[in-house]
Amino acid sequence: MIPKKERLLRIKERLAEEDYVSSKELAEDFKVSEVTIRKDLSELADLKHIERTFGGAVLCDTAEQEFSIDHKNILTAFRNMPSQTLKKYKLLAAKALEFVEPGDTLFLGSGVTCCIFAELLPKNYNLSVVTNNLSALSSLIEKNINVFLVGGEIATVTGNAYFSSIADPGEYLKSICVNKAFTSCYGIDTSAGITVESIISSYIFKALPNIQEAWHIMVTPEKIGRVGMYKICAIENAERIIYLDIPESFRQHCLEKGVALTKAV
């Protein structure tokens with residue numbers, strides 16, 4: 001059996017390379033029980049090195065944010081994240097891009113995944129984008145995309161929040177129709193549904209089920225099973241969840257509710 005100290009080190013090294021590890025795979029690789037691995041993960045979580053998820057673990061948010069940030073360019077600071085940290089967001093954004101077609105009118109949410117999604121959008125698709133994501137604005141304008149900016153919140157990688165408007169953006173969205181919405185969220189849970197952490201974001205998210213034909217949600221493993229302060233709606237309001245890894249119970253719930261699942265690989 002591999003000594004505990006070495007196991008902990010190797011788990012952290014694995015996460016630095018792969019972003020997510022499952023308890024089952026670790027138990028098989030280290031030839032120990034899943035109970036032993038769960039204890040290892042709990043110890044690393046207590047030290048703030050990792051964050052537990054359903055069936056495994058991801059790097060802790062604080063670990064992901066250990067990089068230099070130029071506060072003069074706070075809206076684009078996400079580009080300075082370590083390459084391995086950005087990798088999971090790029091995988092999700094690239095897969096989501098497969099559902100964009102020429103002539104689409106899109107709603108684009110805030111967050112790092114949506115910023116990268118904006119950078120990947122093609123120039124010649126004659127797209128229109130409604131967004132509250134100031135960090136994605138320069139990428140959208142550079143591609144000659146028609147942009148309609150909604151007042152709202154911009155959450156930065158430092159955990160701060162900046163507001164482009166104090167007005168209720170939900171009122172503005174009542175007059176908007178888009179055929180596809182692409183967002184992330186704070187948490188997505190079989191009981192609590194789709195949740196966010198800020199009141200401004202909740203105004204925007206609560207309007208989404210009524211303004212779009214198809215809602216695609218991009219989620220990293222740590223968001224599955226996590227519950228934010230503000231409940232938006234049930235999971236079945238989304239047409240598709242684009243994911244990296246999900247527990248079987250969550251998969252079954254989505255299939256029962258008619259929500260499509262697409263793995264980003």
Side-chain angles (χ1 to χ4, degrees), residues 78 86-122 125-133 135-136 139-140 143 145-148 150 152 155 169-170 173 176-190 192-196 201-226 228 231-246 250-251 253-265:
F78 69 90
L86 282 172
K87 181 182 176 182
K88 60 183 178 182
Y89 302 117
K90 289 179 179 178
L91 285 171
L92 289 170
K95 179 56 68 172
L97 200 66
E98 296 179 8
F99 300 99
V100 177
E101 298 176 305
D104 276 343
T105 298
L106 312 176
F107 177 85
L108 180 64
S110 59
V112 176
T113 309
C114 292
C115 288
I116 294 172
F117 178 85
E119 292 183 341
L120 296 178
L121 284 172
Y125 265 35
N126 189 32
L127 299 171
S128 296
V129 175
V130 179
T131 187
N132 66 319
N133 193 337
S135 296
S139 295
L140 296 171
K143 297 173 185 291
I145 292 173
N146 297 316
V147 183
F148 301 88
V150 181
L173 286 172
I176 296 291
C177 287
V178 300
N179 63 318
K180 295 171 187 174
F182 293 87
T183 75
S184 183
C185 61
Y186 177 81
I188 185 165
D189 179 74
T190 54
I194 299 164
T195 58
V196 295
S201 291
S202 73
Y203 293 149
I204 294 171
F205 271 76
K206 285 180 179 178
L208 283 181
N210 301 318
I211 69 168
Q212 47 73 38
E213 297 174 13
W215 182 5
H216 305 275
I217 301 182
M218 302 170 281
V219 294
T220 48
E222 69 271 15
K223 296 182 178 182
I224 298 173
R226 189 164 70 179
K231 181 175 180 178
I232 303 304
C233 59
I235 289 176
E236 54 264 36
N237 283 96
E239 175 175 306
R240 182 179 308 276
I241 296 173
I242 301 169
Y243 67 95
L244 296 172
D245 194 84
I246 55 175
F250 185 86
R251 180 193 302 277
H253 179 84
C254 291
L255 294 178
E256 290 170 5
K257 296 297 183 180
V259 180
L261 296 170
T262 299
K263 185 169 185 176
V265 293

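Excluded from the calculations below are hydrogen atoms, water molecules and symmetry mates; all remaining heavy atoms, backbone and side chain alike, are included.
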**Complete:** Rounded to the nearest 0.5 Å, the SG atom of Cys115 sits from the CG atom of Asn133 at a distance of 4.0 Å

**Item:** Val112 side chain reached by Leu86 side chain, heavy atoms, under 4.5 Å
**Value:** yes

**Minimum side-chain heavy-atom gap Thr190-Phe250 below 4.5 Å** = yes

**Asked** Under 3.5 Å, side chain of Asn179 to main-chain N/O of Thr105, donor-acceptor pair present?
**Response** yes

**Prompt:** Could you walk me through whether Lys180 and Glu239 pass the salt bridge (charged side-chain N to carboxylate O under 4.0 Å, His left out) check?
**Reply:** CA-CA 10 Å; Lys180 295 171 187 174; Glu239 175 175 306; over 6 Å; no

**Item:** Thr183 to Leu208 - nearest heavy-atom pair and separation
**Value:** CG2-CD1, 3.7 Å

**Prompt:** Is Val100 close to Phe117 at the side-chain level, that is, under 4.5 Å between some pair of heavy atoms?
**Reply:** yes

**Prompt:** Can you name the closest pair of heavy atoms from Pro221 and Leu244 and give their distance?
**Reply:** CD-CD1, 3.9 Å

**Asked** What distance separates Leu91 CG from Ile242 CD1, expressed to the nearest 0.5 Å?
**Response** 12.0 Å

**Message:** Quick one, Pro102 and Asn126 - any side-chain contact, counting heavy atoms below 4.5 Å?
**Reply:** no

**Prompt:** Between Lys95 (side chain) and Lys90 (backbone), is there a donor-acceptor pair under 3.5 Å?
**Reply:** no

**Prompt:** Is any NZ, NE, NH1 or NH2 atom of the basic residue among Lys88 and Glu222 found under 4.0 Å from an Asp or Glu carboxylate oxygen of the other?
**Reply:** yes

**Prompt:** What are the two closest heavy atoms between Ile241 and Ile188, and how far apart are they?
**Reply:** CD1-CD1, 3.6 Å

**Prompt:** Would a 4.5 Å heavy-atom cut-off, applied to side chains only, mark Ile217 and Cys185 as touching?
**Reply:** yes

**Prompt:** Where is the tightest heavy-atom contact between Ile116 and Ala93, given as atom of each residue plus distance?
**Reply:** CG2-CB, 3.8 Å

**Asked** With distance as the sole test, does Arg226 use its side chain to make a donor-acceptor pair with the main-chain N or O of Tyr186 at under 3.5 Å?
**Response** yes

**Criterion side chain to side chain contact (heavy atoms under 4.5 Å, CB included) against Ile145, the qualifying member of Leu127, Leu106, Thr131** = Leu127

**Message:** Whether the side chain of Ser184 engages the backbone of Met218 through a donor-acceptor N/O pair (distance < 3.5 Å, no angle test) should be reported.
**Reply:** yes

**Item:** Non-neighbouring partners of Lys223 that pass salt bridge (charged side-chain N to carboxylate O under 4.0 Å, His left out), sequence neighbours left out
**Value:** none

**Message:** Measuring from atom CG of Leu108 to atom CG of Leu140, what distance do you get when rounded to the nearest 0.5 angstrom?
**Reply:** 6.5 Å

**Asked** Closest approach of Tyr89 and Thr220, non-hydrogen atoms and distance?
**Response** CE2-CG2, 3.9 Å

**Prompt:** Any side-chain heavy-atom pair from Val219 and Ile224 closer than 4.5 angstrom?
**Reply:** yes

**Asked** What are the two closest non-hydrogen atoms of Ile235 and Cys254, and how far apart are they?
**Response** CG2-SG, 4.1 Å

**salt bridge (charged side-chain N to carboxylate O under 4.0 Å, His left out) against Glu236, all qualifying residues, sequence neighbours excluded** = none

**Prompt:** Got Phe182 and Trp215 here, is their nearest side-chain heavy-atom distance under 4.5 Å?
**Reply:** no

